[in-house]
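A short worksheet on the structure shown next.
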Amino acid sequence: MRVIILGYKNRPGVEETVDRLRPAIASHAEIVREDLTGEMPLDEIDADVALVFGGDGSILRAVKQMGTRQLPVLAINLGRLGFLADTSQDEVEELLPILQEHIILCGPQWIERSLETNTVGIPRAARTHFTVSEHLLLDCTVTKTDGTKLSALVMNEIAIQNASFHIMEVKLYADEEFVTMYRCDGLILSTPIGSTAHNLSVGGPIVRNDLQAIVISPIAPHTLTYRPVVDSAMRTYRVEVFSRHAQTSVVVDGTILCPIAPEDVVRIKPSPIRFRMLNVPGYSYYTTLQKKLGWSGHPNYNS
């Protein structure tokens, strides 16, 4: 088993945890690359698994680093919330030999076999171990008036925002069909994985992360009938901004891609690249939501 170790050393506890667990990792896997800066390009690295230490932000960095070669991610949660980072650091030493055995049993095509719904041909001992799930990523391209193009791979969301505290006017098209003109503080187009991020904080819905969908959520719309919309991610969306405030920007996964002017065009479409998540036995989507969002199922009458 070949692994890469990723994280962001400026986050408290990451460097110390990696140092503590490195001997255990090395006893079950070949560590082919390690990067705790969040900057090293990894799209040419040949490995089986990416061990990502931190929170969901660390996974975002890892996805950007891996680019066109997305390895299955085993996320070790050292953050605060972590919808994606489910594995605790105490579980890593227990999981490593199980993962090593799973990869050996499934053979060289272990990722493809883990993605199959039909388990015929996979050794019985491997069927109840790990699975790999694929999740939607988006491509965002901003075309400037001078023809310059800036592109980014999107895991969570694209947000059109301004810092001038003025209402902006944003036109939205889906497959070149005019949808509406929003008058709002901003607009978010989110993946299902990103539905529990910025989208959730502005009142957007939670969308199961294996759906091929996109959530369109206006931020503080001036017209009360505007509500978040869930649409197919298999369409191409075009956004045009008619605000003339200099502080208006396209923000991808929390990082400014570029400022945007009235004649610039933003296009969002599904990426051929998929985010790959290593699913740990015993965890489920709804278990994660219950734990992270405090869904107790009944009111606390004693408080």
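FYI, side chains are in, hydrogens and waters are out, and symmetry mates aren't considered; it's all heavy atoms of this structure. The model shown is predicted, which means the values in this text are computed figures rather than measured ones.
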remark   = Checking I188, L187, V250 against I158 for side chain to side chain contact (heavy atoms under 4.5 Å, CB included), the one that qualifies is V250

inquiry  = Among V229, V207, D231, which residue satisfies the side chain to side chain contact (heavy atoms under 4.5 Å, CB included) criterion with V215?
reply    = V207

query = Under a 4.5 Å side-chain heavy-atom rule over Ile, Leu, Val, Met, Phe, Trp and Tyr, are I59 and L51 clustered together?
reply = no

request  = Answer yes when D43 and R69 have at least one side-chain N-carboxylate O distance shorter than 4.0 Å, and no when they do not.
outcome  = no

inquiry  = Rounded at 0.5 Å granularity, tell me how far CG in L74 sits from CE in M277.
reply    = 7.5 Å

key: Derivation of the side chain to side chain donor-acceptor pair (under 3.5 Å) call for Q290 and T287   = CA-CA 5 Å; Q290 291 164 17; T287 298; 4.8 Å; no

Within 6.0 Å of OH in Y286, more than 12 heavy atoms from elsewhere = no

inquiry  = If we count only N and O atoms by modelled type, under 3.5 Å, do the side chains of Q100 and H28 hold a donor and an acceptor together?
reply    = yes

key: Under 3.5 Å side-chain donor-acceptor pair for T37 and Y8   = no

request  = Could you tell me whether E93 atom CD has more than 12 heavy atoms of other residues or ligands within 6.0 Å of it?
outcome  = no

request  = Give a yes or no on this: more than 12 heavy atoms of other residues, nucleotides or ligands lie within 6.0 Å of atom CD of E177.
outcome  = no

ask   = Between R238 and D175, is there a salt bridge with N-O shorter than 4.0 Å?
value = no

same_hphob_cluster(L71, L60) at 4.5 Å side-chain heavy-atom cutoff = yes

inquiry  = When you measure from the centre of the six-membered ring of Y237, is the NZ or CZ of R267 closer than 6.0 Å and no more than 45° off the axis?
reply    = no

ask   = Can you tell me how far CG of D35 sits from CE of M40, rounded to the nearest 0.5 angstrom?
value = 4.0 Å

inquiry  = Quick check on side chain to side chain contact (heavy atoms under 4.5 Å, CB included): which of L6, V3, I25, V18 does E34 satisfy it with?
reply    = V18

ask   = So, for K144 and A261, which heavy atoms are closest and what is the spacing to 0.1 Å?
value = NZ-N, 4.4 Å

query = Any side-chain heavy-atom pair from Y182 and T223 closer than 4.5 angstrom?
reply = no

4.5 Å side-chain heavy-atom contact, L84 and I193 = yes

ask   = Y226, M168: one ILVMFWY side-chain cluster at the under-4.5 Å cut-off?
value = yes

query = Can you tell me if CD1 on I31 sees more than 12 non-hydrogen neighbours from other groups inside 6.0 Å?
reply = yes

query = Salt-bridged, R183 to E169, with N to O below 4.0 Å?
reply = yes

ask   = Taking NZ, NE, NH1 and NH2 as the nitrogens, is one of them in R276 or E134 under 4.0 Å from a carboxylate oxygen of the other?
value = yes

query = Does the side chain of S151 come under 3.5 Å of the side chain of T141 through a donor N or O and an acceptor N or O?
reply = yes

query = Under 3.5 Å, is there a donor-acceptor pair linking the side chains of D146 and T148?
reply = yes

query = Heavy atoms, side chains only, cut-off 4.5 Å: are V63 and Q70 in contact?
reply = yes

